Amino acid sequence: MTIWESCPEVERSPGKVSGAWTFSGTRIPLATLYQNLAAGATIDEIVEWFPGVSARQIRAVLEHEARELETAPPH
């Protein structure tokens, strides 16, 4: 499980998007990123489709998750 609290590119607020993790300063849920990537979208397309989200933010989120996965204890 990714610990998003240590990623400055995301935020969560109970009164915003039902408390989902969103890109900082937006109402775009992180789930939107993963759904679009799974559907074959590129980072550039996601940035175009979701104003307020930058390629830098997306890369930072993906790098954060990759680091979390590398350090996760085995199941």
Side-chain angles (χ1 to χ4, degrees):
M1 181 175 179
T2 303
I3 301 170
W4 291 113
E5 287 87 355
S6 61
C7 181
E9 301 302 329
V10 299
E11 62 189 9
R12 183 158 94 180
S13 172
K16 186 173 165 183
V17 193
S18 300
W21 284 102
T22 61
F23 285 95
S24 293
T26 77
R27 296 182 61 80
I28 310 296
L30 288 186
T32 300
L33 168 65
Y34 294 106
Q35 290 164 351
N36 280 278
L37 289 174
T42 66
I43 290 174
D44 289 335
E45 288 172 326
I46 295 168
V47 168
E48 180 182 333
W49 299 335
F50 299 97
V53 176
S54 70
R56 181 192 55 76
Q57 281 179 303
I58 292 172
R59 286 187 190 92
V61 163
L62 295 174
E63 289 169 6
H64 177 81
E65 184 156 26
R67 282 190 304 276
E68 289 282 320
L69 290 170
E70 289 172 354
T71 60
H75 285 61

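Residue numbers run from 1 in the order of the sequence given. If you're wondering where the values come from, they're calculated on a predicted model, not measured in any experiment.
- Summarising the geometry, atom CG belonging to Asp44 is positioned 10.5 Å from atom CH2 belonging to Trp49; distances are rounded to the nearest 0.5 Å.
- Contact of the Arg59 side chain with the Ser54 side chain is not registered, since no non-hydrogen atoms from C-beta on lie closer than 4.5 Å.
- Going from atom CG of Asn36 over to atom OG1 of Thr32 covers 6.5 Å, rounded to the nearest 0.5 Å.
- Between the side chain of Glu9 and the main chain of Phe23, no donor-acceptor pair closer than 3.5 Å is present.
- Val53 has its side chain within reach of Ile28: a pair of non-hydrogen atoms, C-beta onward, lies under 4.5 Å apart.
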Problem set entry | Residue pair Thr22, Glu11: steps toward the side-chain contact (heavy atoms from CB on, under 4.5 Å) verdict | CA-CA 5 Å; Thr22 61; Glu11 62 189 9; 3.6 Å; yes
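- Using a distance-only test at 3.5 Å, with no hydrogens or angles considered, a donor-acceptor pair links the side chain of Lys16 to the main chain of Thr26.
- To the nearest 0.5 Å, atom CZ of residue Arg27 and atom CZ of residue Phe50 are 14.0 Å apart.
- Between the side chain of Thr71 and the backbone N or O of Arg67, at least one donor-acceptor pair lies under 3.5 Å.
- Interatomic distance, CD1 of Ile58 versus CD of Glu63, reported as 12.0 Å (0.5 Å rounding).
- The heavy-atom pair separating Gly52 from Gln57 by the smallest distance is O-OE1, 3.4 Å.
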For this session: Determine, stepwise, if the pair Tyr34 / Val61 fulfils side-chain contact (heavy atoms from CB on, under 4.5 Å).
Result: CA-CA 11 Å; Tyr34 294 106; Val61 163; 3.7 Å; yes
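- With values rounded to the nearest 0.5 angstrom, Glu65 atom CD is found 11.5 Å from Ile3 atom CD1.
- Contact of the Glu45 side chain with the Thr42 side chain is registered, since non-hydrogen atoms from C-beta on lie closer than 4.5 Å.
- Looking at every heavy atom in both residues, Val47 comes nearest to Ala55 through CG2-N, 3.4 Å.
- Here the CG-CD distance, from Leu30 to Gln35, works out to 10.5 Å after rounding to the nearest 0.5 Å.
- At least one donor-acceptor pair under 3.5 Å links the side chain of Ser24 to the backbone N or O of Val10.
- Closest non-hydrogen pair, Ser6 versus Glu68, comes out as OG-OE2, 4.1 Å.
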